[in-house]
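Chain naming here is simple, since letters A, B, ... match the order of the sequence lines and numbering starts at 1 in each. Being a predicted model, the structure only gives us computed values, none of them experimental.
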Amino acid sequence: MGRIASRPEASILHADLDSFFASVEQRDDPRLRGRPVIVGGGVVLAASYEAKAYGVRSAMGGRQASRLCPDALVVPPRFSAYVEASRRVFEIFEDTTPLVEGISIDEAFLDVGGLRRLVGSPETIGAALRERVREEVGLPISVGIARTKYLAKVASAVSKPDGLLLVPPDGEREFLHPLPVERLWGVGAITAAKLHADGIRTIGQLAEREELELTVAVGKAAGRHLWALANLRDPRPVEVGRRRRSIGSQSALGRAGRRRTREELDVRLAALVDRVARRLRGGERIGRTFTLRLRFDDYTRATRSATLPRSTAATATWLETGRRLLDVAWPLIEERGCTLLGITISGLEAAGPGVWEQLELPLFVEESRGDRLDVALDQVRDRFGSAAVTRAAQVGRHLGLEMPTLPDPAPRHA
DNA sequence: TCTGGGGTCCTAGGACCC
DNA sequence: TCTGGGGTCCTAGGACCC
């Protein structure tokens, strides 16, 4: 923040690992290299470029994916391997420049302005970064370089796979304007359809319109945003140290049409609250708003939320809140079924270690017993794993909760 | 397109306050 | 008796991203 809004030099890098999960799998199992690989089961979490060549895409249903690419090798995800690979890649980012803004597990913006004299040009730095990630972590990564973040993001996408692309300041329009609007970050299927209906298919056509026209078509914020992007007025700086604004967990409940008992959902709710409250405490955060997330048999969704008077990370308080909301939503669930239950805690604030409740002094005694239980449970789970302590209601029941997935040594054919 | 899990940000209406 | 304008917070829904 407070950095120069418009800069003469293309010195923002967007670094984006290629088909991240699939690349990790290919790295760790030589039999997968050079072959179409799909990570995931019911839904495609990632596809290698060999699989993408057949039209396989992330978020696609598994059945459709295997229809498109019957020879694909399907492997279950190994999240801990991805987290570890990501950690190592981010170490290389941080080693390149202190100005790193992480976007997700596999991509980040890096501001390398001001490093030219000491280290080299942004292009040199980008090339070196790619080489280090390849050498030290064994993964392909693409890098886009431009004057602004969004342009750098588009550039890295255009450069894929395993590419590097610099958009010089005097070549920005030439680069951006012929591209379809879908290339812009924030333009999904619905916004694209609205723009198409207005006769806008390319970013150049977007740039020809008035800002007001766009805000009418897609809403105020989105319209302004699109207008700024198309006209290359995106002053957003690389922001270091952004903190998470919510923490949540959800679990799909399998086939539609099955009746769920209140007890069954309560057990699932308790498991979700346990997990999220623990993550809250692990991150030394407290939160104020609880959102219960439902998906019905017809796959439409609804949420019910409640905001507490004080922030907390206490499991008991959140469980009670979740149960209240489940009560509120129960008639809806009985009527329309339930295929997914999720929770999110938002309104997060920092809390010191062990301070899990914003305490009003006369009130603290009542909650402290629950806090002590949370401490004890967290410690047991830290030492022996999440499965070490389970609520009595969960013991001996197979509720379809995801168990840690072990690496599958022999990938099966789809 | 028969559908996972983790997030971000925006919009709109109502309650409430000055 | 009728009725302004502005602001904040909360809830619910929606679009989008990886």
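Within the nucleic acid shown, Arg57(A) has no heavy atom closer than 4.0 Å to any nucleic acid atom. Across all strands, Ala46(A) comes closer than 4.0 Å to no nucleic acid atom at all (heavy-atom distances). At a threshold of 4.0 angstrom between heavy atoms, the contacts of Arg293(A) with the nucleic acid are absent. Counting non-hydrogen atoms under 4.0 angstrom, Lys153(A) reaches the backbone sugars and phosphates but no base. Backbone-only engagement by Gly248(A) is indicated by non-hydrogen atom pairs under 4.0 Å involving sugar-phosphate atoms exclusively. Counting non-hydrogen atoms under 4.0 angstrom, Ala59(A) reaches a base of the nucleic acid. Using a 4.0 Å heavy-atom criterion, one finds that Thr339(A) contacts no nucleic acid atom at all. Within 4.0 Å (heavy atoms only), Gln64(A) reaches sugar-phosphate atoms of the nucleic acid but no base atom.
Ranking dC10(C), dG7(B), dT1(B) by closeness to the Ile247(A) side chain, first place goes to dG7(B). Taking the side chain of Ala252(A) as heavy atoms from C-beta on, and the options dT8(B), dC18(C), dG4(B), the nearest nucleotide is dG4(B). Set against dT3(B), dG6(B), dT11(C), the side chain of Ser305(A) has dT11(C) as its closest nucleotide.
Of the side-chain N and O atoms in Arg245(A), none sit less than 4.0 angstrom from OP1 or OP2 of dG7(B). When the side-chain nitrogen and oxygen atoms of Arg301(A) are compared with OP1 and OP2 of dG14(C), none of them lie within a distance under 4.0 Å. OP1 or OP2 of dC16(C) sits under 4.0 Å from a side-chain N or O of Thr191(A). Within the 4.0 Å cut-off from OP1 or OP2 of dG13(C), at least one side-chain nitrogen or oxygen of Thr303(A) is found. For the OP1/OP2 pair of dT11(C) and a distance below 4.0 Å, the side-chain nitrogens and oxygens of Thr307(A) include at least one atom meeting the criterion. Arg295(A) has a side-chain polar atom (N or O) that falls below the 4.0 Å cut-off from OP1 or OP2 of dG4(B). One finds no side-chain N or O of Thr291(A) lying less than 4.0 angstrom from the OP1 or OP2 phosphate oxygen of dA12(C). Contact annotation: Arg224(A) side-chain N/O to dT11(B) OP1/OP2 distance is not under 4.0 Å. Between Arg242(A) and dC9(B) there is a side-chain N or O to OP1 or OP2 distance below 4.0 Å. The shortest distance between the side-chain N/O atoms of Ser251(A) and the OP1/OP2 oxygens of dG5(B) is not below 4.0 Å.
Residue Tyr299(A) and nucleotide dT3(B) are classified as a stacked aromatic pair, their ring centres being separated by less than 5.5 Å at an interplanar angle below 30°.
Within the shown strands, dG5(C) is the pairing partner of dC18(B) under the Watson-Crick or G-U definition, both distances less than 3.5 Å.
Taking 4.5 Å as the limit, every side-chain heavy atom of Thr339(A) sits out of range of all side-chain heavy atoms of Phe296(A). Proximity of Arg301(A) to Leu294(A): side-chain heavy atoms (C-beta onward) are nowhere separated by under 4.5 Å. By the 4.5 Å heavy-atom criterion applied to side chains, Leu184(A) and Leu226(A) are counted as neighbours. With contacts defined as side-chain heavy-atom distances shorter than 4.5 Å, the pair Arg78(A)/Val39(A) does not qualify.
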task: Applying side-chain contact (heavy atoms from CB on, under 4.5 Å), run through Leu176(A) and Val154(A) and close with a yes or a no.
output: CA-CA 8 Å; Leu176(A) 193 64; Val154(A) 176; 4.3 Å; yes
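Rounded to an integer number of Å, the gap from Ile105(A) CD1 to dG6(B) P is 12 Å. Following rounding to the nearest Å, Leu292(A) (CG) and dA12(C) (C1') show an atom-to-atom distance of 13 Å. Going from atom CG of Leu325(A) over to atom C1' of dT11(C) covers 11 Å, rounded to whole Å. For Leu280(A) and dG6(B), the CG to P distance is 14 Å, given to the nearest whole Å. Rounded to a whole Å, the OH atom of Tyr150(A) is 10 Å from the C1' atom of dT8(B). Atom CG in Leu294(A) sits roughly 20 Å away from atom P in dT3(B) (whole-Å rounding). What separates CG of Leu308(A) from C1' of dC10(C) is a distance of 13 Å, to the nearest Å. If you measure from atom CZ of Phe79(A) to atom P of dC18(C), you get 16 Å, rounded to the nearest angstrom.
For the pair Met60(A) and Lys220(A), both in contact range of DNA chain B, the more 5′-proximal nearest nucleotide belongs to Met60(A). Annotation: of the two residues near DNA chain B, Ala221(A) and Ser246(A), the 5′-most nearest-nucleotide partner is Ser246(A).
For the C1' atoms, the distance from dC17(B) to dG4(C) is 14 Å, rounded to whole Å.
By the 6.0 Å contact criterion, CD on Glu131(A) is open, its count of non-hydrogen atoms from other residues, nucleotides or ligands being 12 or less.
Arg27(A) places a side-chain N or O within 3.5 Å of a backbone atom of Val137(A) that can act as its donor or acceptor partner.
With respect to the salt-bridge test (charged N to carboxylate O, under 4.0 angstrom), the residues Lys149(A) and Glu101(A) qualify.
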